Trainee: 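The structure's right below; bear with me while I get my questions together.
Worth saying up front: this structure is predicted, and the values here are computed from it rather than measured. Reminder, nothing fancy here: chain letters follow the sequence lines and each chain counts from 1.
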Amino acid sequence: MKKPRAHAFTPNPLLKVQLPAGRSRFAMLMLACGFTALMVRAVWLQVWSNEFLKQEGEKRYMRTLELPAARGRITDRNGAILATSLPARAVFANPTATHLDAEQVSALARLLAMPERDLARRLAAESKTFVYLKRQVDAATAEKIAALKLSGVHQLPEYKRHYPDGATIAHVVGFTNVEDVGQEGIELTHQKDLAGQPGTRRVMQDRMGNVVEEVAALREPQDGTDLQLSIDARLQYHAFDAVRDAVAQHRALAGAAVIIDVRTGEVLALANLPTYDPNERGALSGAQLRNRVMTDTFEPGSTFKPFAISAALEAGIVKPSSMINCAGKLTIGSASIGDAHGHGTLSVEEVLQKSSNVGTAKIALQLPAQRMWELYSALGFGQAPDVGFPGAVAGRVRPWKTWKPIEQATMSYGHGISVSLLQLARAYSIFARDGELVTLSFLKTDQPAALQQIIRPETARAVRHMLELAAGPGGTAPKAQIAGFRVAGKTGTAHKQDGGRYVNRYVSSFVGFAPASNPRVVIAVMLDEPSNGAHYGGTVAAPIFARIASDTMRTLQILPDLPLRVQAPAGPGAPASSARAGAAPAPGAQASPARLQGPTKGQA
Amino acid sequence: MTRLDIFVAVLLILGSLALVDSQHKHRRAFIELERAQQAEARLQVEWNQLQLEQSRLAKASLIAEAAERDLKMQGVEPARTLYLSVPLPSKP
């Protein structure tokens with residue numbers, strides 16, 4: 001370097017200062033440390049804390065949404081809705097965060113339809129942070145409440161169950177609690193099928209709360225399955241109406257009726273009184289809840305006689321025409337059996353027709369106890385029926401080895417034994433069919449019933465004929481007759497027990513079937529303690545049977561099996577009258593159903 | 001070499017823009033789908049409500065009452081019914 005550089009920097013004396021080399025190295029080291037720290041941090045965040053951070057991020061835009069599932073509906077056999085769930089809201093408050101003035105409280109109380117004082121008390125529970133104000137508020141009201149924009153008052157979605165047929169069918173359908181869980185009836189037994197499985201899904205939400213992307217459907221919501229019952233709502237109404245009128249007319253404690261289709265074993269109607277409205281279950285009493293057809297047993301009385309007689313016919317001990325001396329009283333040990341009205345010598349047929357206790361007991365005593373017991377057991381007495389219903393009772397049939405002769409005698413006419421109305425109705429299917437016992441079902445089915453041959457067809461036919469006589473002019477229940485159809489059935493009038501003694505309070509019953517020529521339904525009716533003078537099954541229960549049977553025949557469009565006298569229609573309707581007269585075989589003639597029962601029979 | 005670089009860079013930018021656009025469109029469409037599904041659920045509820053209403057109004061007790069009281073109708077009795085037998089159409 002011979003000469004200075006062309007461009008001359010201002011000579012800075014500082015530049016000439018030689019700094020110690022250690023300083024720059026120190027600075028370098030510090031920077032290196034800084035970078036290393038950053039790198040470690042970066043690795044830490046991106047490798048080790050990766051998961052955590054990802055979750056934190058997702059928390060800001062990912063949501064897990066609950067997908068509600070509706071409870072299945074219950075419909076009758078024709079699809080009419082018996083129970084359905086609709087969205088409702090639970091209104092709750094956080095009392096610590098609620099500051100409402102008097103006006104707001106009264107507006108809220110009005111919407112919730114509850115007393116202001118009650119509401120104010122709930123809102124005053126300062127120590128709590130969550131108080132339900134009202135559950136199962138319908139959607140429209142809930143919207144109005146939301147529009148009030150009350151601080152600290154919020155809503156949760158839930159479902160409310162509605163029962164359009166209400167009290168008429170309450171005992172079959174049952175009801176659910178506020179959590180939508182079945183508590184009674186079909187709602188309870190089929191809880192598993194009816195209950196839906198709520199689903200969940202992960203979604204991405206934008207700032208506005210819109211779902212912009214579904215990340216994953218974690219679980220699809222499963223709506224509960226719909227159930228179609230065997231019940232026919234129309235028949236149910238007829239049965240219920242008939243029982244309700246009868247309970248009022250005879251001032252009875254309770255009443256019940258059941259209709260069974262003997263071809264399929266389906267229960268078409270099951271009416272109970274007293275009843276309750278499943279939509280308003282504020283104050284329910286045990287008496288209202290009791291399903292008297294299934295969960296109550298009673299001593300059946302004379303409705304039980306056909307079983308002992310069919311056992312005797314089966315065993316060949318008697319024939320329908322065998323003569324039995326039924327006069328006076330039958331004394332066994334210290335007890336004696338008598339009839340309400342004295343009889344002379346009766347044939348077996350007449351014993352059932354006139355419902356003679358003495359005659360039935362005499363026939364039954366010729367039977368081995370085991371044989372009678374076997375028939376009762378085979379018919380399902382003493383065993384809980386397998387119908388998928390909560391609380392179906394077994395009734396009581398003591399083992400035959402403990403039977404004393406007097407007990408065997410009283411059991412033959414339905415005392416000292418207890419059964420439910422449903423068991424009784426089912427057992428009568430052996431007479432309605434040719435000796436086959438049907439399996440009952442509360443769900444609609446197209447299959448023919450599962451059958452069990454209990455007695456020989458000839459025996460069943462013989463007893464069916466006797467039952468038709470019993471429901472006829474010379475029998476105990478001529479009031480069971482209906483226009484156009486042959487009916488068969490048996491009355492029962494049983495003393496009730498109170499404290500182990502029989503008292504003068506009664507259970508009146510009637511079990512029968514129609515049309516007798518080709519039975520389609522078994523109808524069983526019972527009234528508990530009719531106390532308006534009459535108490536005989538023939539005067540109390542038989543008319544209920546007649547009314548239900550007649551409505552059933554009409555509703556099911558069954559062809560009459562009795563000759564009918566064609567009437568001129570009353571009142572206005574002359575054109576219809578002439579059309580009828582023209583179409584009838586001859587004016588005033590008897591339309592023979594034998595001729596009319598053509599191929600339509602299968603359709604009916 | 002440089003030209004290829006620019007071409008690829010432009011391609012990349014275009015691709016990225018297309019990706020953003022399609023993502024956006026997808027989300028818009030998805031929101032619409034969500035809304036439609038919510039509407040479906042709402043209509044389903046309404047349908048259930050109407051069915052319930054129908055069941056309530058078509059209750060046998062209401063109909064029987066209206067028929068007997070308001071319309072003065074009477075129950076059909078077998079004695080006043082003409083039963084015709086029609087041969088069933090034979091199924092092919």
Side-chain angles (χ1 to χ4, degrees), chain A residues 68 70 73 75-76 80-82 84-87 139 162 164-166 168 203-204 206 208 210-214 233-238 240-241 482-485 550-551 553-554 559-560 562 564-571 579-580 583-584 591 593 595-604, chain B residues 20 22-69 71-91:
Chain A
R73 297 185 302 182
T75 64
D76 86 336
I81 290 173
L82 301 177
T84 185
S85 290
L86 287 179
H162 294 265
D165 268 6
T168 314
V203 294
M204 232 183 249
D206 69 1
M208 316 292 286
N210 289 323
V211 173
V212 292
E213 206 170 311
E214 186 175 71
R234 299 167 301 169
L235 294 183
Q236 176 72 23
Y237 160 71
H238 289 311
F240 179 79
D241 210 36
I482 59 175
F485 296 91
S550 155
D551 285 332
M553 296 298 111
R554 193 183 74 234
L559 276 173
L562 262 192
L564 279 166
R565 190 162 284 278
V566 179
Q567 283 178 359
R580 212 162 275 178
R595 213 179 325 148
L596 293 177
Q597 275 178 4
T600 51
K601 198 153 169 250
Q603 237 180 357
Chain B
V20 170
S22 72
Q23 186 98 3
H24 180 65
K25 276 187 184 148
H26 166 245
R27 290 192 175 170
R28 291 273 293 272
F30 194 81
I31 291 173
E32 216 156 298
L33 172 70
E34 276 303 291
R35 288 219 182 106
Q37 279 171 344
Q38 274 164 19
E40 186 200 358
R42 211 171 40 242
L43 290 173
Q44 182 67 45
V45 167
E46 206 170 312
W47 167 237
N48 283 347
Q49 241 155 4
L50 290 171
Q51 278 185 313
L52 175 66
E53 191 105 337
Q54 187 194 28
S55 278
R56 227 176 238 157
L57 295 174
K59 250 201 307 204
S61 55
L62 285 181
I63 293 174
E65 206 175 290
E68 276 167 26
R69 205 189 44 203
L71 302 173
K72 309 264 178 281
M73 292 169 95
Q74 293 170 359
V76 181
E77 289 155 31
R80 300 194 315 173
T81 310
L82 188 69
Y83 294 85
L84 298 176
S85 72
V86 182
L88 282 175
S90 51
K91 280 178 194 153

Trainee: Can you list the residues of residues 48-57 of chain B that sit under 4.5 Å from chain A, counting heavy atoms only?
Mentor: B:Asn48, B:Gln49, B:Gln51, B:Leu52, B:Ser55, B:Arg56
Trainee: Within this structure, what is the CG-CZ distance for the pair A:Leu235 and A:Arg554, rounded to the nearest 0.5 Å?
Mentor: 10.0 Å
Trainee: For B:Ala64 and A:Tyr237, work out which heavy atoms get closest and say how close.
Mentor: CB-OH, 3.2 Å
Trainee: Of the backbone (N, CA, C, O) and the side chain (C-beta and beyond), which part of A:Ile81 lies under 4.5 Å from a heavy atom of chain B, both, or neither?
Mentor: both
Trainee: What are the two closest heavy atoms between A:Pro560 and A:Gly484, and how far apart are they?
Mentor: CB-O, 3.0 Å
Trainee: Please check if the side chain of A:Asp76 supplies one atom and the backbone of A:Ala233 the other of a donor-acceptor pair under 3.5 Å.
Mentor: yes
Trainee: Under a 4.5 Å heavy-atom cut-off, does chain B meet the side chain of A:Asp241, its backbone, both or neither?
Mentor: neither
Trainee: How long is the straight-line distance from OG of B:Ser61 back to NE2 of A:His238, given to the nearest 0.5 Å?
Mentor: 11.0 Å
Trainee: Show me, pair by pair, the donor-acceptor contacts under 3.5 angstrom made by side chains of residues 26-47 of chain B, not counting sequence neighbours?
Mentor:
| unit_1 | atom_1 | unit_2 | atom_2 | d |
| --- | --- | --- | --- | --- |
| B:Arg28 | NH1 | B:His24 | NE2 | 3.4 |
| B:Glu34 | OE1 | A:Arg201 | NH2 | 2.6 |
| B:Glu34 | OE2 | A:Arg201 | NH1 | 3.4 |
| B:Glu34 | OE2 | A:Arg201 | NH2 | 3.0 |

Trainee: Need one label for A:Met553: side chain, backbone, both or neither, based on atoms under 4.5 Å from any heavy atom in chain B.
Mentor: neither
